Amino acid sequence: MTEKTPYTPMTDERLQQCIEMVKTSLEDMKAKNITVLDVAHLTDVMDRIIIADGTSKRHVRAMADTVGAEAKQAGFMPLGREGGNDSDWTLIDLGAVVVHMMMPAAREFYDLEGLWSSPESLAALKATPYEKKANKRN
């Protein structure tokens with residue numbers, strides 16, 4: 001079994017380079033409504049979330065392909081990619097920066113901006129351990 005490498009934050013300069021590379025790549029691909037969220041104060045998993053709309057599932061896939069290729073070329077090795085060829089939402093994990101490319105309907109439905117806007121929104125999603133759930137029933 002391989003051991004996961006813990007997340008280590010990028011330097012501020014490297015983080016800005018990554019954000020600018022992603023934004024430029026998305027702009028070049030004609031992405032719509034590009035938003036950068038600072039979530040460093042809400043989680044230890046990442047520093048920024050970038051969200052962009054695609055105009056079709058094919059456009060979402062092409063944006064993801066381009067962001068992934070340009071990230072590698074710039075030295076930001078993607079840690080993972082989620083979303084299939086016919087998906088309306090594709091995610092690329094660049095470590096400190098996670099990029100979500102979505103169809104507008106998926107973006108509206110999942111409302112990542114609302115979810116990541118406050119600690120209260122995230123706390124509402126916190127899982128309750130099974131033992132606590134069982135004790136509440138007694």
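On a predicted model such as this, the values are computed, not experimentally measured, just so you know. We're numbering straight along the sequence, starting at 1. Basis for what follows: all heavy atoms, side chains included, without hydrogens, waters or symmetry-related copies.
Although no hydrogens or angles enter the test, the distance criterion places no donor-acceptor pair under 3.5 Å between the side chain of R81 and the main chain of I92. Put simply, the side chain of S25 never gets that close to the backbone of M21: no donor and acceptor are under 3.5 Å apart.
With rounding to the nearest 0.5 angstrom, the CE atom of M101 is 12.5 Å from the CG atom of D88. Atom OG1 of T11 sits about 7.0 Å away from atom CD of Q17, to the nearest 0.5 Å.
Within the 4.5 Å cutoff, side-chain heavy atoms of T55 are placed close to those of K32. Here the side chains of R61 and T90 are not in contact, with every heavy-atom distance at 4.5 Å or above. L94 is listed as a side-chain neighbour of V99, based on a closest heavy-atom distance under 4.5 Å. Residues V22 and L26 form a side-chain contact, since some pair of their non-hydrogen atoms from C-beta on lies under 4.5 Å apart. For the pair V60/M102, no side-chain contact is recorded, criterion being any heavy-atom separation below 4.5 Å from C-beta on. Inter-residue side-chain proximity for W89 and L112 is flagged as met; some heavy-atom pair is nearer than 4.5 Å.
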Go through the steps for L37 and I51 under the test side chain to side chain contact (heavy atoms under 4.5 Å, CB included), then give the verdict.
-> CA-CA 8 Å; L37 303 175; I51 306 167; 3.9 Å; yes
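Here the shortest heavy-atom pairing between V97 and C18 reads CG2-SG, 3.8 Å. The minimum heavy-atom distance between L42 and W116, with the atom names listed, is CD1-O, 3.0 Å. Counting all heavy atoms, side chain and backbone alike, M10 lies closest to D47 at N-OD2, 4.4 Å. Minimum heavy-atom separation, K72 to P78: CG-CD, 3.6 Å. M103 approaches G54 most closely through the heavy-atom pair SD-O, 3.8 Å.
Within 6.0 Å of CZ on R14 lie more than 12 heavy atoms contributed by other residues, nucleotides or ligands. The local environment of CD in Q16 is crowded, with over 12 non-hydrogen atoms from other residues, nucleotides or ligands closer than 6.0 Å.
For R107 and T35, the side-chain atoms include at least one donor-acceptor pair closer than 3.5 Å.
Between R48 and D38 a salt bridge is recorded (basic side-chain N to carboxylate O distance below 4.0 Å).
At a threshold of 4.5 Å between side-chain heavy atoms, the hydrophobic network of Ile, Leu, Val, Met, Phe, Trp and Tyr places I49 and F109 in one connected group. The hydrophobic clustering, which links ILVMFWY residues whose side-chain heavy atoms are closer than 4.5 Å, places M46 and Y110 together.
The list of ring pair (Phe, Tyr, Trp, His ring centres under 6.0 Å) pairs with a residue in residues 44-74, not counting sequence neighbours, is empty.
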